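As the structure is a prediction and not an experimental result, all values here were calculated from the model. Reminder, nothing fancy here: chain letters follow the sequence lines and each chain counts from 1.
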Amino acid sequence: MQISRRDFLSVTGTAVTLFAFRRVELIALDSEPKFDVDCALLDLGTNCSLRESLQGYQAALASKHQQLLPAELNALSRCRVAIVPGVGMIDATLASVLSGLLQSGSTLLLECGAGFLNQSEFASYQGMLHQYFDITIDRPVELWSRSAYGAPRKPPPAQHPRNKPDHRQAVPYVHYRWPSEARVRDFSRAIPVSAPAGNAIGKIGDLRVAWKRRLGKGILIFLGSPMGPALLANDCDARNWLHSVMVL
Amino acid sequence: MLHRQGATMKKSIGDNMIPKGWSFEQGLDLVKKAGFDGIELWLGEVPWLQMNTADAAVTELRRKVENAGLVVSNVSTGLHWETPLSARDPGVRAQAIRIVERQLETAQLLGCDAVLVVAGLVTQEIPYNEVYQRCLDAMLQLAPVATKAGVKIGCENNNSEHRFLITPREFWSFLNEVNSPFIGIHLDVGNIHDTGFAEQWIEIHGPRITRVHLKDVLKKRGRCCDTVYTNLFIGDNNWPAIRAALSKVGYNGWLIAEMEARYHYAKDQQFYDTSAAMDRLISGKL
């Protein structure tokens, strides 16, 4: 069969173009966004009791997140990963929104900031977590003696920091086992956590301080010892651990 | 914050040196008789100046100081050892900020332009990186307040005690990050211990030095069981070098005696002896 160079190029060009369009279409179909937002970092404003924790996540996630206010999160239908740093107070509206995200398949990283709440605030916090996420938290555990802040100015010899007993004989790390192994500094007060389903993913000794469980179509990751300050301090383990959450 | 050349350095001593049981007025009388030009007031460490001392009472303190022929050199505090700016608890940090703000307010009321702040405290519990960031944040927050008040915040070098900003270059970098003419260093020439040499700190920080604390130090003699601080000229500080460095950088501000080791007897004598030693230091006849 005789075919001119012009015809050949025309036919093959069209085929390539059609194939290319098909490719684009296929790629578009394959990568069709399943979520409105890949990673939402929720700024709870005054209800974020550890602002430095929020800063830590901001620094670690850099451009890979969209920072939102609770009202904005409510407007999203789907979000792949939602991170809520330093949760101090949690009301029914917020709990409901977060619970809804889990039901629709999001991974929710809920970092507890309740270590520094007063007794009544803590009780309310406990109730909300139990009601909406079916997890149980206990009163914060003091991991260090208060005297570990240091000492009064120019202390007398007997009270010098070096002479104080080491109230924390153990290694000061939370040991995370999922989604990746990590050892991250504790944050002085840890919130013990448990639930009827799921499993502990982080411990300080025998104390379970991080939990993972499925809720609806999603995964709840609850941190009873804040990770954000370690992220802000550029802790490698903390950053790697967060990365492993992001690629779940 | 450049120091004016030619003026003479002035002598001050802390009101926390006033023997227990003495009134503020008795203390002022002693300070004046011993030859000091001013007095350093310690917020929270003496009964007459607490966090809840009202403005009117602070103003009355100023009147008493001036009636005694003295001025207030600066307002210091040791409250941050128990309430650190680097605490993990945001509530404690807020309280620590409030302490500095109150220092700035009282400094204005007392007519002086510098306060001493213990910037941060590294412990086994709270690691260096966290402390650094929180102290930086605190100073960035306080810098506009200090600027508005016209009062300089001098972060004290507490090399061994607070285990933070231990070298002069490190301290320099920290101040660079804060980048405010109202945040400098309150240099304690005794606190450097065996981690360095006071005269080198003076040279490096020169115009950023807000005030100078004077005491001597017994280097390499432990610090857990015996105090390493002692009176001027009987420790290991190189006083001729310190004096020369002060001249070199043109420091002509306040020298403030901070005697950690106290006389067991004749407590008032320590004021006279210290004042005389400071005169010798200022004169350069060492």
Locate the shortest heavy-atom distance separating [X] from [Y]; write the atom from each residue and the value.
X: A:R185; Y: B:Q124; answer: NH1-O, 2.9 Å
X: B:P90; Y: A:L50; answer: CG-CD2, 3.7 Å
X: B:E130; Y: A:A233; answer: N-CB, 4.4 Å

Task: Any side-chain heavy-atom pair of A:D186 and B:R88 under 4.5 Å - done: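 In contact.
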- [ ] Determine whether B:D137 and A:E52 make a side-chain contact, defined as any pair of heavy atoms from C-beta on separated by less than 4.5 Å.
- [x]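 Sidechains of A:E52 and B:D137: no contact.
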- [ ] Could you grab the distance from atom OG of A:S188 to atom CG of B:D89, nearest 0.5 Å is fine?
- [x]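 One gets 9.0 Å once the value is rounded to the nearest 0.5 Å.
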Task: CZ/B:F197: more than 12 non-hydrogen atoms of other groups inside 6.0 Å - done: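 Atom CZ in B:F197 is not packed in, count stays at 12 or less.
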- [ ] Return yes when atom NZ of B:K267 has more than 12 non-hydrogen atoms of other residues, nucleotides or ligands closer than 6.0 Å, and no otherwise.
- [x]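 Check passes, neighbour count above 12.
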